[in-house]
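Structure, as C-alpha cells:
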Amino acid sequence: MRFSRAFIPTTKEAPSDAVLASHIFLTRAGFTSQVAAGLYNYLPLGKRVLKKIEQIVNEEMNKVGAQEVDLSFVTPADLWEESGRIEKFGKELLRFRDRKENLFVLGPTHEEMMVNLVRNRVTSYKQLPLNLYQIKTKFRDEARPRFGLMRGREFVMKDGYSFHATQEDLDREFEMMEAAYKRILVRLGLDFRVVEADSGAIGGSGSKEIMVIADSGEDTIAICDSCEYGANVETAERASRSEVPQAPESDFNKFSTPNVKSIEDLEAFFKVDAYYTMKCVAKKMHYEDGDQVVLFFLRGDDDLQEVKAVNAAEALEVEDVSEEELKALGLVPGFMGPLDMDKVPCVFDTSLKGATQMICGANEKDQHFVGVDMSVLDEALFADIYTAKEGDGCPHCEGKLLYKKGIEVGHIFKLGTTYSKPLKADFLNEKGQAEPLIMGTYGMGISRLIAATIEQHHDEKGCIWTKETAPYSVNIMVSNIKDEAQLAFGEKLYQQLQEVGVEVIIDDRKERFGFKMKDAELIGFPFTIIVGKELVNGNVQVLERATLEKRAVFAEKIFDDIMERL
RNA sequence: CGGGGCGUAGCUCAGUCUGGUUAGAGUACCUGGUUUGGGACCAGGGGGUCGAAGGUUCGAGUCCUUUCGCCCCGACCA
C-alpha cells in the first residue's frame, strides 16, 4: 500500500469524548470512527486488524473441528418467544416489523438461531458431536454503550455452539475449546487469565471467562499468586481461615447498645473483632412473581457478593432497599438480627454455620444480643455469599488471592439443555429414546479484542501492534521524497518485500520527517524502515515500535535483516 | 432508567454569566514561495442553518420553553 493513496486520517488531537487509551488511539490513528453511541465505522486499517483476528480465530477453530457458518442477522421474533428470551433480554433486543408486519429482532447472540438450524436435522447420536460457529456482527441495544469498541451496541463476535449426546462429551469439548481459546490469545500476544465465572440464571453446569489483564477492565478478578486459580470476583472462593481472632467470652445476653448501628460501632462498643459481629444486608430480590426483601447475614468483616446472593436466593435480580421499606416491614434497620426473624427470608453465609460467641442485632431499637450460638439456626439456609477479598487464601493452594482488572474477551459455557429443551431439539440415543441435545456455547468478542490489544499494548505515542495483529508489518518511511536516491531505494525495497508476501506500506507522502515519524508511532507498525539522510553513507535505520529503538543497518542488508525479524 | 456535563468550522476550543459591528482562534484543507531528521515558516484563500423547534426582544450563539444527540458516574450487561 502507498501511504499517499491510503485512507488513513490521523489527527494530532484526541476526540473530546474519548476516555480510554484504546478509544483515543484507534480514533487518532484512523482505525475507527464513531457514528453514534456504540456504533463505529472500521476504516481500512481497522478493517485489516479485524480480519487478522478473525483469521487467527478461524485457524484455531478449524484445528479443533469447528465448522464456520453464517446465520442471518435478522432473526424472527417467534424464536425468541419460543425460548422465552424476548422477555428476559427486554429492551436490549432491537425489534422491528417488516412490510408484512412480521416482528423481527437483530441478533444479539444466536443460540435460538443455531438450535433452530440444527433441530430436526441432527436427530441421531451418530451425528454428534457437532460444533458450529460464526463470526458476525451482533447488536445489543445496551443501556449504556461506552469506551469505544470496548462496549459497543453493534460489535463483532465469534459465537460457537456445540451439540452432544452426553455430559461427558460436552465436558471434553469444553476443555478443548478452552485450550483453543488460550491458543488464540497467546497468538494475539495478550496477557490473559481464564477465570471461573458465574453461570447465573442461564443455568448450566459451569462457565469460564477469558480475561485480558488491563487496568481499564470493567471486571474485577481474583487470581492466586501461586497457582492457576482465578475467578471473577462475582463468584470467587477463598480458603477457610486458618487463624481467627481471639473470641470474646460471654453468656447469651441482651445488651443495651444505644445508637450502635454499624459494624465499626459494634467493634468499638464491645471491643471485639468484627469477625464476631454479624452483618445484616437487606436486599430487595426480584422474582418472576414479584419482589421480596431478603436478609443476608455475614460475619462483620465480610462483604456481601450480590451475584452470589442472587444465586443463593434463587432470584432473578437484586436491588437496594430503603430504610423506609424495611421499617414498613416491621424491621429495625441497624439492629436486625437472625433470632426469631419471621418477617422475611434469611440467608446465612457458610462462615456463620455453627459460629459461637457472636454479637448480633436483637430486632429492637438499641438492643443487641451477645454470646449468640449459631447452632440453633442449623436448619436455616446457608450459602457462600461473601466477597473474596484481596489477601484471602486461595481455595486450591497455600497462595494468596490478588485482585486484577480484566477485560472479558471470551466466555465459554456449558449450557446443557437450557435451549434445546424449550426449543424441542431432540435426538435419538442408542436405545432409540428421544433426549434433548446437550449444548455448549463459546463466545469471543472480536471487536473488543482490538480494543483490549491496545489497552494492553500502547504508550504515550500511540498503538503498539503485535506481529499477528498489525495492519502492516513494515512501514518504509522515505524521509524526503524529493531525494531521488531515497525514493528509488524505498520503492525497490517496497517491491522486494511485496514479492515475498510481506505486508508492507510505503510512506511516500510529501511530508517532513517528524510528521511521518509521529504517524508511524501513532499507528504502531511493528517496524519502520527509515530511508533518509544516512542513505548516502549506505545506511538505513530500523525503528522497532515496541521498544522505540532505532538501529542502523547497511542498506544492502536491510531486506535480509527485516525478513529475519518478521 | 436515575444523577451530572456538553452541543459554535473536518478536529480541539474561546465567545453565552452581563443580548448590540460582518461569529473568532489554533489545527486541518486549497494556492504560491521558502524549507527538508522529530507534527516547519511566510503570504493569500475556501469552509458556519452557533444541534433542532418555538418564544421574549428593536435586536438572540448569548435569555425562556420544548426537544434531539453525545459523554461521564451509577443501575443494567447471554
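Values reported hereafter were calculated over all heavy atoms of this structure, with side chains retained and with hydrogens, waters and symmetry mates removed. Quick caveat, the model's predicted, so the values are computed rather than measured. Chain identifiers are assigned alphabetically (A, B, ...) following the order of the sequence lines, protein sequences preceding nucleic acid strands; residue numbering begins at 1 within each chain.
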In whole Å, what separates the [atom1] atom of [N] from that of [M]?
{"N": "B:G61", "M": "B:U49", "atom1": "P", "value": "13 Å"}
{"N": "B:G3", "M": "B:U67", "atom1": "P", "value": "14 Å"}
{"N": "B:G19", "M": "B:U57", "atom1": "C1'", "value": "9 Å"}

Return a single string for nucleotides 67-77 of chain B, one symbol per nucleotide in 5' to 3' order, where B is base contact, S is sugar-phosphate-only contact and - is none, cutoff 4.0 angstrom on heavy atoms. ---SSBBBBBB
What contact category does [X] fall into here, base, sugar-phosphate, or nothing, at under 4.0 angstrom with non-hydrogen atoms?
{"X": "A:M157", "value": "base"}
{"X": "A:P9", "value": "nothing"}
{"X": "A:K138", "value": "nothing"}
{"X": "A:Q541", "value": "base"}

Under-4.0 Å salt bridge between [X] and [Y]:
{"X": "A:K516", "Y": "A:D519", "answer": "no"}
{"X": "A:K550", "Y": "A:E544", "answer": "no"}
{"X": "A:K279", "Y": "A:D303", "answer": "yes"}
{"X": "A:D459", "Y": "A:R545", "answer": "yes"}
{"X": "A:K208", "Y": "A:E178", "answer": "yes"}

For [N], the Watson-Crick or wobble partner whose two distances fall under 3.5 Å:
{"N": "B:G38", "value": "none"}
{"N": "B:U21", "value": "none"}
{"N": "B:A14", "value": "none"}

Supply the atom-to-atom distance A:W80 CH2 to A:E111 CD, rounded to the nearest 0.5 angstrom. 7.0 Å
In this structure, CD of A:Q541 is separated from CD1 of A:I558 (nearest 0.5 Å) by 10.0 Å
Between protein and nucleic acid, restricted to nucleotides 24-31 of chain B and to nitrogen or oxygen atoms under 3.5 Å apart, what atom pairs and distances do you find?
none

Would you kindly say whether A:N232 and A:D198 are connected by a side-chain donor-acceptor distance under 3.5 Å? no
So does A:K533 reach the base of B:U36 with its side chain, donor to acceptor, closer than 3.5 Å? no
B:G39 base to A:D519 side chain: any donor-acceptor pair below 3.5 Å? yes
Relative to each other, are the rings of [X] and [Y] parallel, tilted or perpendicular (30° and 60° limits)?
{"X": "A:F525", "Y": "A:F3", "value": "perpendicular"}
{"X": "A:W465", "Y": "A:F31", "value": "tilted"}
{"X": "A:Y442", "Y": "A:F174", "value": "tilted"}

A:D141 (side chain) donor-acceptor with A:L93 (main chain) under 3.5 angstrom: no
Does the Lys NZ or Arg CZ of A:K308 fall within the cation-pi geometry relative to A:Y386 - under 6.0 Å from the ring centre and within 45° of the axis? yes
Once you round it to whole Å, what is the distance between [atom2] of [N] and [atom1] of [X]?
{"X": "A:Q486", "N": "B:G37", "atom1": "CD", "atom2": "C1'", "result": "10 Å"}
{"X": "A:R509", "N": "B:A40", "atom1": "CZ", "atom2": "P", "result": "12 Å"}
{"X": "A:K516", "N": "B:G38", "atom1": "NZ", "atom2": "P", "result": "13 Å"}
{"X": "A:R512", "N": "B:C41", "atom1": "CZ", "atom2": "C1'", "result": "9 Å"}

Closest-nucleotide mapping onto RNA chain B: is A:K510 or A:K550 further toward the 5' terminus? I mean the 5' end. A:K510
Let me know, please, whether A:E408 or A:F513 comes out on the 5' side of the other along RNA chain B by nearest nucleotide. A:F513
List every contact pair, protein side and nucleotides 3-10 of chain B side both N or O, where the distance is under 3.5 Å.
none

